[in-house]
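Read through the structure below, which is laid out as structure tokens, and then see the notes.
Positions are given from 1, in the same order as the sequence printed here.
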Amino acid sequence: MTQDHSPAPGATPASPALWRPSRTVAVILAGGTGTRLGLGIPKQLLKIAGKPIIEHTLAIFEAAPEIDEIIVLMATGHVPDAQQIVDKAGFRKVTKVIEGGDTRNATTRIALDAVGDGGVNILFHDAVRPLVSGRIVRECVNALWSYSAVDVAIPSADTIIQVDENDCITDIPVRSALRRGQTPQAFRSPTIREAYRIAEGDPNFAATDDCGVVLRYLPGTPIKVIDGSDENIKVTHPVDVHLADKLFQLAAAQAPRLTDHRSYSEELTGRTIVVFGGSYGIGHELTELARRYGAQVFPFSRSTTGTHVERAGDVEAALTTAFEATGRIDHVVVTAGILEKGALADMDEETMDRLLQVNFVGPVTIARQALPYLQQTKGQLLLYTSSSYTRGRARYALYSSTKAALVNLTQALADEWADLGVRVNCINPERTATPMRTRAFGEEPEHTLLAAEAVAQSSLDVLISALTGQVIDVRRAPGEAAQAVPAQRPRLADETNAASATVG
């Protein structure tokens, strides 16, 4: 058990006795049914960012060095579903997946029985808070050296009002003294057991919050509050699903970057990467970068190899070339795309067909052809969208539509291919200095654009990560100036695309 024994700032010991827990157990409360989301399955089984919500949550506690054991209390009838997720993910700390109770009171009692006797640290956490951080888990456990009960909360950004039975305001508490509670809630096991023992004698006892039980039935016990985070949301309503998905995207934009050239070389040496649209812009930069780290990269494009991404025969020939040369394909990257501006009503059929074929049919064709190769290596398909996917824009109707389609394709394929071990992600850069953007918009101040090299680096980080089903936002750091694309580079219709159509 790895713990920091130093007291929390301002801590007052809860008792003179030295606390020596035998272990620290995380209890994941997964008893929700998803009724408020209108689902036919418990909300914790809903997939966000390519994985069930409960899998994201368990992964945080599995990775936390402060946690020795995990117990899952699952909704009635869905224990096998949860056990399958645990087994497939290889969570070694999960010792029990059992059925929860009909009420929060009953569920906590089942959890206490499952933990067993002895002095133990216990953390209760909602399974549908998948964005809890390792920092929060660590601070909860550390606080238990000085306090016997710990809560997690954040300041309230809203004014809280108190109303009567007629929905009329009776009081407006001072906001500075208010907090919004989150989980985990952490306890020394004797404290939470004693609180529930006393509560059993109360015929009106009904708990929605374990810290509330301690506060009511052990009123002399200090409950330490540590800072939560705005991202640690509870997925309860339909809008929460969209918020959580976006928060995962933002977190993924910070995919761990390796520290030095040697680390990248160790990861990439021996890997085979196929890049469709690899002659210019981001595709070219990714090709060069991966090669410097030892990967064998095969770039294909219409201008240099005569490869049309929308033609199944061309795609298969490209993949066959790479496979026959190296005996494997680890990653397939699709940066090829075209941008044609103009009102839809004025666009000729040939232009419309070209846009749809290259920007959407092409990635679909590549995905279908690449799957058998990627299945062998447990590899990854990487697509590219644009910020225009979030809202259709005038004069970019088809472009925006195809970029939105690629986002849906990413998320759908990540689900379809999860059992095959194949990952699918999508890069969403801000406005990027590429030849295609210059062709469409002319010269722009270089400090307003993201460098293609930066997008290539982020793309490489995603390729060697375990991410799947995510749309990764790539943004310039504050004050960072992008490198301008040399004017002498040819401006071709099939050159790489990475957010280069973002408008406004």
Are the side chains of Cys140 and Phe187 in contact, using a 4.5 Å heavy-atom criterion? no

Looking just at side-chain N and O atoms, do Asn121 and Glu66 make a donor-acceptor pair shorter than 3.5 Å? no

Run the side-chain donor-acceptor check on residues 155-167: report pairs under 3.5 Å with partners two or more places apart or on a different chain.
residue, atom, partner, partner atom, Å
Ser156, OG, Asp158, N, 3.3
Ser156, OG, Asp158, O, 2.7
Asp164, OD1, Asn166, N, 2.9
Asp164, OD1, Asp167, N, 3.2
Asp164, OD1, Cys168, N, 3.0

The side chain to side chain contact (heavy atoms under 4.5 Å, CB included) partner of Arg138 among Val141, Ile136, Asn142 is Asn142

Next on the checklist: Within the structure provided, determine whether Leu29 and Arg129 are in side-chain contact (heavy-atom separation under 4.5 Å).
Outcome noted: no

Q) With a 4.5 Å heavy-atom cut-off, do Lys88 and Asp419 have their side chains touching? A) yes

Using a 3.5 Å cut-off and no angle test, enumerate the donor-acceptor pairs between side-chain atoms of residues 89-97 and protein atoms at least two apart in sequence or in another chain.
residue, atom, partner, partner atom, Å
Lys93, NZ, Glu62, O, 3.0
Lys93, NZ, Ala64, O, 2.6
Lys93, NZ, Ile67, O, 2.8
Thr95, OG1, Glu69, OE2, 2.6
Lys96, NZ, Ala114, O, 3.3

Give the ring-plane orientation class for Phe205 versus Tyr217, where under 30° counts as parallel, over 60° as perpendicular and anything between as tilted.
-> perpendicular

### Query
Around atom CD of Gln375, are there more than 12 heavy atoms of other residues, nucleotides or ligands at under 6.0 Å?
yes

task = Determine the interplanar angle of the Tyr264 and Tyr293 rings, folded into 0 to 90°, and report it as parallel if under 30°, tilted if 30 to 60°, perpendicular if over 60°.
result = parallel

task = Considering only NZ, NE, NH1 and NH2 on the basic side and carboxylate oxygens on the acidic side, decide whether Arg179 and Asp227 come within less than 4.0 Å.
result = no

**Prompt:** Looking just at side-chain N and O atoms, do Asp461 and Ser458 make a donor-acceptor pair shorter than 3.5 Å?
**Reply:** no

So NE2 of His237 and NZ of Lys43: to nearest 0.5 Å the spacing works out to 8.0 Å

Is Glu200 salt-bridged to Arg197, going by a charged N under 4.0 Å from an acidic O? no

When you compare the side chain of Leu406 with that of Tyr389, does any pair of heavy atoms fall below 4.5 Å?
no

Open item on the list: Check Arg104 with Asp210, please: is the shortest side-chain N to carboxylate O separation under 4.0 Å?
Closed with: yes

Margin query: Does Asp230 form a salt bridge (charged side-chain N to carboxylate O under 4.0 Å, His left out) with Arg180? I'd like the steps, not just the answer.
Written below: CA-CA 10 Å; Asp230 291 328; Arg180 292 164 49 201; 5.1 Å; no

